[in-house]
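Let me begin by presenting the structure, written as structure tokens, before commenting on it.
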Amino acid sequence: MIYIQNTTDFYSAMRLCESAPANQPLSAVTLGKFDGLHRGHQKLLNRILQLQSDGYYGIVFSIAPEDRTALFTPEEKRHFLESYGVDCMIRCPFVPDILGMEPEAFIAEVLCRQLRAKYIVVGTDFRFGFQRKGDAAFLKKMQKKYNFTLIVEEKECYEGREISSTYIREALASADMELVRTLMGHWFPVEGTVLHGHQLGRKIGMPTINIRPDGYKLLPPPGVYYSDVILKRDETSRITNDIKNTANSDAINVFDERDTLSDLPDKKIDGCDRVISTDLQRTSDIYSSGAGISTCHGITNIGYKPTVDGTFLGVETYLYGIHETLYGADVTVLLRHFRRPEQKFVSVEDLKAQMTQDIRSGEEYFGGK
């Protein structure tokens, strides 16, 4: 997948598209913020995949500000779309040249002349152009003039409410990870690289891995969650064979006492006088595809970590059945179920006792999954 993510790359891509040879395939473009890549967004993506199979070049034109919290970080969005199979993702920067364009100018210059759009796929609430004056109705009026076909996809709904990023954010804020998964069509991901820990593994013998999410990544409330963990082993990861032989390594850690430490049955999703598919196979497996990738169960703590320059909200996970150090490995933690809120411990012994309970509860949870 071609990934265009910054202003320089964006303008270079526009010039490249504009000068493309006449025999280059025309494109099918879908536009939106794509925050969460939920089931409504997946309708747009599936339409693009259909058009790709007909020989068109599929483009996801993602419009997102740089300074707001997001359900998906840019890299998480990139990895999702890459696994999904789209040809190209353009992460449109918030630059005056784009924000100040009148709707018709955006259609003529960006979508048709530069991106060579033959099909434009949007949702019913899509807005674009200066002061958001453009919408699906305006695109429909412009079809004949600019020789493209507009496809407008209706909203997906759950329990009578439109699926949206706002709906997902509300579910995430209440730690209802099953509802988040129902709305998104996949478990909630947190990506990162395994970092140095606090070297407490020697004290209580329960090693964990730590990642530090992107600062703009929106996370559920601090606490303990059952999770799946995707391990991406490659030549840059330093992995040894047995954790028992590396007990002094600072590449592993345990839940810090200063912090806290189910496959969801498919549900009928209704509302808006329609029923959408409950087939989650594509998106539930989308993170675990590729060479050098393996999956394990885990139990994850989301809590605040001290640093020399303040604190950050860290993600720390105990892995079931993994006997390796994973410093430097890229991982994706998929949060499945909220177990309990964060908790402060007065002693390492209390911490170890609670962790033992958490680990056993996770074994019971995953034993039936």
Side-chain angles (χ1 to χ4, degrees), residues 71 168-182 184 186-192 194-201 203-214 217-231 243 251-264 287 295-307 311-322 326 331-369:
L71 295 167
I168 296 170
R169 286 167 179 258
E170 291 173 5
L172 192 68
S174 62
D176 189 345
M177 305 314 297
E178 287 85 354
L179 177 57
V180 170
R181 190 238 190 173
T182 296
M184 297 180 78
H186 50 85
W187 298 112
F188 186 77
V190 184
E191 288 188 2
V194 178
L195 305 172
H196 293 268
H198 297 297
Q199 303 184 35
L200 293 177
K203 293 184 179 179
I204 60 177
M206 297 179 180
T208 63
I209 60 171
N210 283 275
I211 62 175
R212 181 173 183 171
D214 184 284
K217 172 72 175 182
L218 190 64
L219 294 172
V224 174
Y225 297 79
Y226 303 129
S227 60
D228 287 334
V229 181
I230 311 300
L231 307 174
I243 206 168
I252 60 176
N253 187 32
V254 298
F255 295 118
D256 192 333
E257 63 263 56
R258 290 170 293 187
D259 304 331
T260 64
L261 292 179
S262 93
D263 281 350
L264 178 69
Y287 294 98
T295 308
C296 66
H297 294 314
I299 186 161
T300 296
N301 170 71
I302 297 177
Y304 286 93
K305 303 287 185 184
T307 65
T311 60
F312 69 94
L313 196 58
V315 176
E316 185 176 0
T317 303
Y318 173 88
L319 305 177
Y320 291 97
I322 297 296
L326 298 169
V331 302
T332 301
V333 178
L334 304 175
L335 300 175
R336 294 171 54 129
H337 178 78
F338 176 70
R339 168 164 165 74
R340 63 173 178 82
E342 65 178 336
Q343 184 176 345
K344 184 176 179 64
F345 300 95
V346 297
S347 69
V348 172
E349 290 74 20
D350 290 343
L351 168 65
K352 183 175 182 178
Q354 181 61 63
M355 281 188 63
T356 300
Q357 292 180 25
D358 291 337
I359 291 170
R360 288 175 178 170
S361 72
E363 290 171 344
E364 295 174 359
Y365 174 84
F366 289 114
K369 305 300 179 182

Those residues that, when tested against Glu349, pass salt bridge (Lys or Arg N to Asp or Glu O under 4.0 Å) (two or more places apart): none
Under the side-chain contact (heavy atoms from CB on, under 4.5 Å) rule, what do Thr356 and Met206 come out as? Steps first, then yes or no, please. CA-CA 9 Å; Thr356 300; Met206 297 179 180; 3.0 Å; yes
Between Ser361 and Tyr226, is there a side-chain donor-acceptor contact under 3.5 Å, judged purely by atom types and distance? yes
Taking only residues two or more places apart in sequence or in another chain, which ones pass side-chain hydrogen bond (donor to acceptor under 3.5 Å, both in side chains) with Asp214? none
Please lay out, stage by stage, how Leu172 and Phe188 fare under the test side-chain contact (heavy atoms from CB on, under 4.5 Å). CA-CA 9 Å; Leu172 192 68; Phe188 186 77; 3.8 Å; yes
Nearest-0.5 Å distance, CG of residue Leu351 to CZ of residue Phe345: 5.5 Å
Evaluation steps, ring pair (Phe, Tyr, Trp, His ring centres under 6.0 Å), between Phe366 and His297: CA-CA 8 Å; Phe366 289 114; His297 294 314; 3.9 Å; yes
Run Ile299 and Thr317 through side-chain contact (heavy atoms from CB on, under 4.5 Å) and show every step you take. CA-CA 6 Å; Ile299 186 161; Thr317 303; over 6 Å; no
So CG of Asp228 and SG of Cys296: to nearest 0.5 Å the spacing works out to 8.0 Å
Do Asp350 and Gln354 have a side chain donor and acceptor closer than 3.5 Å? no
Before giving the answer on side-chain contact (heavy atoms from CB on, under 4.5 Å), spell out for Asp358 and Arg339 the whole-Å C-alpha distance, their side-chain angles and the decisive distance to 0.1 Å. CA-CA 8 Å; Asp358 291 337; Arg339 168 164 165 74; 2.6 Å; yes
Can you tell me if Lys217 uses its side chain to pair, donor with acceptor, with the backbone of Val190 under 3.5 Å? no
So, do Leu313 and Pro213 sit near enough that their side-chain heavy atoms are less than 4.5 Å apart? no
Which residues satisfy the side-chain hydrogen bond (donor to acceptor under 3.5 Å, both in side chains) test with Glu170, sequence neighbours excluded? Arg161
Could you work out, with ring pair (Phe, Tyr, Trp, His ring centres under 6.0 Å) as the rule, every residue matching Tyr225, not counting sequence neighbours? Phe338
Among Ile209, Thr300, Val331, find the one that has a side chain to side chain contact (heavy atoms under 4.5 Å, CB included) with Leu319. Ile209
Between the CD1 atom in Ile211 and the CG atom in Leu195, the distance rounded to the nearest 0.5 Å is 8.0 Å
Distance in Å, Ile230 CD1 paired with Glu191 CD, rounded so as to fall on 0.5 Å steps: 10.0 Å
Residues in side chain to side chain contact (heavy atoms under 4.5 Å, CB included) with Ser174, at least two apart? Asp176
